[in-house]
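For reference, the structure is listed below as structure tokens.
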Amino acid sequence: MKKFVALMLALVLALTAVAAIAETTKSVTSGDTNKTTTTPAKTTKTTTTTTTTDTAPAFYIMISRSASRVAKANEEIAKLAEAANVAEYFGKAEEIAAILGEGEYKVNELWPVIAANYDESMGDIVATFTFATPYEDGEKVAVLLSVDGEWSVFEGEAKDGAITVTLDAATVEKVVESGALIAIVNK
């Protein structure tokens, strides 16, 4: 099992380099919509599309390419590679099993996430992340977010190769304040 996890994480690290070149799109939709803004992110082929209801700066949630945040994610990947069991590593075995069923799990993606310009009046946020790993339409995944070392589990679903997840207001506020790590767990 350790060899399998180590192999998978080595693949993830290799894909990390490719992901910087690959096109990645993240989009967020919140509440009632009457304004859509598309702004370029830090890499040239990445865009963030945000829909909001006011004229304030647009809300966004996206993968961060900051060197310090990526280094923190790489530290987490190294720890995960040493773990005997993915679900137990995160301390959320029951929550992951409730989404994916029993079995062996893998982590293909582990990235830093940032968010800004969130207002609690926006309520829950539906976020869509596209990663280097292709996911089949309708595939269920466990989306784990770590804010200050505490992992939370959300049910995600693949659509058009991307992962869509609904995040509650309290979680989004924490991501805005501190940033987070996002891990995608599947079978």
Side-chain angles (χ1 to χ4, degrees), residues 12 16 19-20 24-43 46-80 83 86-96 98-99 107-132 141-157 162-185:
V12 168
T16 301
T24 305
T25 304
K26 297 136 208 104
S27 62
V28 179
T29 305
S30 64
D32 296 325
T33 61
N34 60 8
K35 177 184 171 191
T36 300
T37 307
T38 301
T39 56
K42 292 188 180 193
T43 60
T46 302
T47 60
T48 302
T49 302
T50 307
T51 305
T52 60
T53 58
D54 58 17
T55 58
F59 166 78
Y60 66 86
I61 184 166
M62 60 185 263
I63 303 298
S64 172
R65 304 286 187 203
S66 155
S68 62
R69 292 181 188 275
V70 170
K72 185 176 178 181
N74 287 336
E75 289 173 13
E76 196 74 29
I77 289 169
K79 292 177 194 174
L80 182 58
V86 169
E88 290 177 9
Y89 173 80
F90 292 111
K92 301 292 182 177
E94 289 180 20
E95 292 94 329
I96 293 171
I99 296 169
V107 176
N108 291 320
E109 304 291 344
L110 199 152
W111 287 93
V113 177
I114 57 173
N117 304 321
Y118 177 77
D119 182 275
E120 65 183 27
S121 67
M122 294 176 181
D124 293 352
I125 297 295
V126 176
T128 300
F129 298 95
T130 301
F131 298 103
V141 297
V143 177
L144 283 78
L145 279 177
S146 172
V147 179
D148 299 327
E150 181 64 33
W151 291 97
S152 299
V153 181
F154 301 90
E155 182 174 324
E157 184 173 348
I163 301 298
T164 300
V165 60
T166 301
L167 303 173
D168 61 86
T171 300
V172 175
E173 287 177 344
K174 289 178 186 177
V175 174
V176 169
E177 290 173 13
S178 307
L181 294 176
I182 187 171
I184 307 300
V185 179

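Since the structure is predicted, the reported quantities are computational estimates derived from the model, not experimental observations. Heads up: numbering here begins at 1 and tracks the sequence.
For the side-chain hydrogen bond (donor to acceptor under 3.5 Å, both in side chains) test, no residue two or more places apart in sequence or in another chain qualifies with Glu95. The side-chain hydrogen bond (donor to acceptor under 3.5 Å, both in side chains) check on Tyr89 picks up Glu76, with sequence neighbours excluded. Not a single side-chain hydrogen bond (donor to acceptor under 3.5 Å, both in side chains) links Glu173 to another residue, sequence neighbours left out. Every residue meeting the side-chain contact (heavy atoms from CB on, under 4.5 Å) condition with Ala73, not counting sequence neighbours, appears here in chain and number order: Leu110, Pro112, Leu181.
Inter-residue side-chain proximity for Asn108 and Phe131 is flagged as unmet; no heavy-atom pair is nearer than 4.5 Å. Within the 4.5 Å cutoff, no side-chain heavy atoms of Val143 are placed close to those of Phe129.
No donor-acceptor distance shorter than 3.5 angstrom exists from the side chain of Tyr60 to the backbone of Tyr118, with no hydrogens or angles considered.
Residues in residues 145-155 take part in these side chain to side chain donor-acceptor pair (under 3.5 Å) pairs, two or more places apart or across chains: Lys140-Glu155.
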Atom pairs and distances, donor-acceptor, side-chain atoms in residues 164-171, under 3.5 Å, two or more places apart:
{"from": "Thr164", "atom 1": "OG1", "to": "Thr128", "atom 2": "OG1", "distance (Å)": "3.2"}
{"from": "Asp168", "atom 1": "OD1", "to": "Ala170", "atom 2": "N", "distance (Å)": "3.2"}
{"from": "Asp168", "atom 1": "OD1", "to": "Thr171", "atom 2": "N", "distance (Å)": "3.0"}
{"from": "Asp168", "atom 1": "OD1", "to": "Thr171", "atom 2": "OG1", "distance (Å)": "3.1"}
{"from": "Asp168", "atom 1": "OD2", "to": "Thr171", "atom 2": "OG1", "distance (Å)": "3.0"}

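In this structure, Ile99 CD1 and Phe154 CZ are separated by 9.5 Å, a value rounded to the nearest 0.5 Å. Note that CD1 of Ile182 is 9.0 Å distant from CD1 of Ile163, once rounded to the nearest 0.5 Å.
Taking the ring centre of Trp111 as origin, the terminal cationic atom of Arg65 falls inside the region bounded by 6.0 Å and 45° from the ring axis.
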